[in-house]
Each structure stands twice: as C-alpha cells, then as structure tokens.
Protein chains: 2
Amino acid sequence: MARDPEGRRLRILEAACALIAETGVGALTHRAVAARAGVPVGATTYYFATLDELATSAIAHAAELAAGEARLWQEAIAAAEDVPATVAALIADYLADHRPWSLIEHELYVAAAHRPELRPMAIAWSDGTTAALSPRVGPAAARAVTVFLDGVMLDALVRDAPVDADFLARAVAALMGLD
Amino acid sequence: MARDPEGRRLRILEAACALIAETGVGALTHRAVAARAGVPVGATTYYFATLDELATSAIAHAAELAAGEARLWQEAIAAAEDVPATVAALIADYLADHRPWSLIEHELYVAAAHRPELRPMAIAWSDGTTAALSPRVGPAAARAVTVFLDGVMLDALVRDAPVDADFLARAVAALMGLD
DNA sequence: TATCATCTGGGACGTTCGTACTAGTACAGA
DNA sequence: TCTGTACTAGTACGAACGTCCCAGATGATA
C-alpha cells in the first residue's frame, strides 16, 4: 500500500468519528474503525495505543472542526443585522449539514458526565458557541443562548425533526434581553 | 434465598439504573448488573431475556419515577406565585437530589439519536416537563423552557457545578414571554 | 400430602473484544 | 548503495461478554 501516514491517521480518525455519530462512543471498537477506514486492525492500534486514546482523539478531531465552524459563526453573528434570525439560520444549517458533529458533541457531553478527563473538551466545545455569541449579546445572554441551543440540538436529534427557525429566533431574541 | 420475584426484579432494575448513571448505558453488562444487585448472572437473564431489554426496562423504570416527579412539578408550578423562581428552585433541587435520573435522561436522549426504538421514551420524558409547565406558561414558552432546562441540566452534568438559580430564573422569565 | 409451574444458583459455550507480537516493506539519511 | 527507522499486514492470546442450559429449591394448588 502507498505510504501516507498522516492520511492514514486522518482516515482512521474520520472513520471513528463516523462510527461514534452512528452508533455511539460506547460501541466503538478497533475492528469496526479499521473496517470502516479500510485498514487492518494493527493500523488502529499502531496510531492509537488504546481504544480510549482512539475515541478521545476522534472526539478531539471533531471538536477542532467544530471550533472552526464556531469562528465562522462569530463572523456571521458579528456582521448580522438580525442576530436572532441569524442564529436560528446557523443552527438550522448546522443540524442539516453537520448532524454528525452535533451527535458527537452530545456523545461527548454525556460521556464527560462520568469521565472527568473528557470535561475540559466538553466545556471547550460549549464555550466555543458562547464565544461566538458574546461580542454581540453580552456574557450572560451568550451563556443562556448557548445552553438553549444545546438543548435545541439535543431535542432535534431525539425528534429527528428540523428545527422551527421562527420559534428559535423568537426564543433567542427573548434570551438576548438578559444582559 | 428467600423468594421475592418482584423485589428481585426491582433490585435488578435499580442496579441497572445506578450503573447506567455511573458508567453509561453502553457499558452495561449482565454481569455488572448482577454483581451490583447481589444476584447470580442467571437472574438478570431470567428476568430480562436480553441485555437490550434490561437496559430499556431500566430506562423505562427511571422514566416512570421521573414522570412522578414531573407531576409534583406541575402542582408546584401551578401553585407558584413566582413561576421562574419556582422553576429555578425545582431544577436546582432536582440536580442536587436526583442527579442519576438526570444522567439517565441524557443517556437516553443520546442513545435515542441512533436507536429509533428509544425515541418514544425520550420524547415522553421531555414532554413530561413541557406538560408540567404548560398550564402556567403557554405551549410555545413551555417548549422553549423545557428545551432550555434540558440544556441547563446537560451543562450542569458536564461542568459538575450547581446551577445559578438567579441566572436560571431570569432566563426562564425571559422565555415565558414567548406566548 | 402430592404435583407442578416458577424461580434460584451456577456453570458452559461460542463470539468478540483489546492488545501484543512478528515478519516483511518502504523510504530518508549516511 | 547501505542501513535503520517508520510503517504495513496479519495473526495470536487471554479476558470478558451475551446467552443458553440444567439441576435443585420453593410455594401455590389440588
């Protein structure tokens, strides 16, 4: 096989992310990841010494991508005329285009509840959203909106339904008055 | 051993609930539940044919207890003078006294995202909160507050910190204006 | 008291898992 | 060109798992 260590590592991470989104972090196995990435089992243990490290690295990989997205949000919100409507649109798009990220985010949240070593990563993910909002809506409101949006995403995952953008915009607008 | 089939079944369910809260539904095993409940492995498979059935039954058991709690909430909110403050107090108490329920609730939400057969239970759990709120705040606001509170609980689990009751009351008050 | 379905306690089987290991291959630097 | 490190591919092994099974104990019913 053609040599491409970095690419291989990345393929393994992406396979792991896809599996976490599909079946949950608890169902992750070396073999499933290897099969998904199209590499032998030995490859996943070569690049990630333990299953735990593989899972954590995969979540960190997703968190990095999401952090990039959060920076785009910050720009969009900073430039927005109608902040609530913009936020609502961003969330709707996020859930439509990046459902796996959202799934991994909540897998991370729940896993962090009983695995303290994951908490910094979970808190950082959450804080990314707050940071995107803060410049326009004040710190307390930004926190409230962040928490609300996490609830919205969780609700959307459970109900597997698109969010109501108007409802969302009105709720965000209401929370923005907090500061 | 003294005969008490119903008690035994309940002990197994409670052990399973405790384990789900502690380590997540993905880490549940017949053997761990049996050890926790103080019964042989055969007992858990006797009362619950498959591990899946055991996990689902345990979540359903927790959901039932939570539904009872939701009815108490409804009464408390119906009788409240200051609804936002009451809701904030209820949530704070809930997180302090019933952290396991809250953990199981979110385990359920995330599991429901990739296991459609769990969705009715997850939706019912969420709707319980909405129903407790609806009589006092309109339907849209009740939904918004429910979603917000789920976000708050998730955030509290991740940060392992008590919620700020004042912040919470103000956010709830803001969302109550939605209808 | 005799009977029988229900429940108990524990062990057995086959599968899947994490991880370690080995032999071979490719490529960068001497 | 030679050499050693980094990587590949596949196998092996012990542990833990879900589930099945059965011999014995129990208690309601006849």
Side-chain angles (χ1 to χ4, degrees), chain A residues 1-61 104 107-108 110-111 114-115 117-118, chain B residues 1-61 104 107-108 111 114-118:
Chain A
M1 186 131 194
R3 281 273 173 115
D4 180 13
E6 271 185 59
R8 213 167 213 240
R9 206 186 123 95
L10 195 63
R11 284 236 312 286
I12 292 172
L13 281 179
E14 280 166 357
C17 283
L19 284 172
I20 290 173
E22 281 170 26
T23 58
V25 70
L28 204 70
T29 69
H30 273 133
R31 286 169 173 82
V33 174
R36 178 76 165 231
V39 301
V41 207
T44 68
T45 67
Y46 177 79
Y47 285 98
F48 306 94
T50 67
L51 183 61
D52 226 65
E53 188 189 323
L54 173 53
T56 306
S57 302
I59 294 173
H61 175 67
I104 295 172
E107 285 282 342
L108 168 60
V110 169
H114 34 247
R115 286 174 54 187
E117 74 272 18
L118 294 177
Chain B
M1 186 128 195
R3 280 275 174 112
D4 180 13
E6 269 184 60
R8 210 166 216 239
R9 204 186 125 94
L10 194 64
R11 285 235 313 285
I12 291 171
L13 280 179
E14 279 167 357
C17 283
L19 284 172
I20 290 173
E22 280 171 28
T23 60
V25 69
L28 203 71
T29 69
H30 273 134
R31 284 168 174 83
V33 174
R36 179 76 164 230
V39 300
V41 209
T44 68
T45 66
Y46 177 79
Y47 284 98
F48 306 94
T50 68
L51 183 61
D52 227 66
E53 187 188 325
L54 173 53
T56 306
S57 302
I59 294 173
H61 175 66
I104 295 173
E107 284 282 342
L108 167 60
H114 34 246
R115 285 173 55 186
E117 74 271 19
L118 294 177

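Below, chain A is the first sequence line, B the second, and so on; all start at residue 1.
Taking NE2 of B:H61 as the start and CD1 of B:I20 as the end, the distance is 10.5 Å to the nearest 0.5 Å. Expressed to the nearest 0.5 Å, how far NE2 of A:H114 lies from OG1 of B:T23 amounts to 6.5 Å. Distance check: B:L51 CG to B:T45 OG1 gives 11.0 Å after rounding to the nearest 0.5 Å. For the atom pair A:Y46 OH and A:I12 CD1, the distance stands at 11.0 Å (nearest 0.5 Å).
Electrostatic pairing of A:R115 and A:D52 counts as a salt bridge here, judged by a charged N lying under 4.0 Å from a carboxylate O.
One atom, CZ of A:R3, and another, P of C:dA28, lie 9 Å apart when rounded to the nearest Å. We find that CG of B:L54 is positioned 14 Å from C1' of D:dC17, with the value rounded to whole Å. The distance from atom CD of B:E6 to atom P of D:dA28 is 13 Å, rounded to the nearest whole Å. Counting to the nearest Å, the C1' atom of D:dT19 and the CD atom of B:E53 are 13 Å from each other. Rounding to whole angstrom units, CG of residue B:D4 and C1' of C:dT6 are separated by 14 Å.
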Write down the protein N/O and nucleotide N/O pairs, taken from nucleotides 2-4 of chain C, whose separation is under 3.5 Å; answer none if there are no such pairs.
none

Could you go through nucleotides 17-23 of chain C and list every protein N or O atom that sits under 3.5 Å from one of its N or O atoms, giving the distance for each pair?
unit_1	atom_1	unit_2	atom_2	d
C:dG18	OP1	A:H30	N	3.4
C:dG18	OP2	A:H30	N	3.0
C:dG18	N7	A:R31	NH1	2.6
C:dG18	O6	A:R31	NH2	2.9
C:dT19	OP2	A:L51	N	2.6

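Shown here are the side-chain contact (heavy atoms from CB on, under 4.5 Å) partners of B:T29, two or more places apart in sequence or in another chain: B:R31, B:A32.
Side chain of A:E107 to backbone of A:V25: a donor-acceptor contact under 3.5 angstrom is found.
When the side-chain nitrogen and oxygen atoms of B:Y46 are compared with OP1 and OP2 of C:dT6, none of them lie within a distance under 4.0 Å.
The shortest distance between side-chain heavy atoms of A:E22 and A:R36 falls below 4.5 Å.
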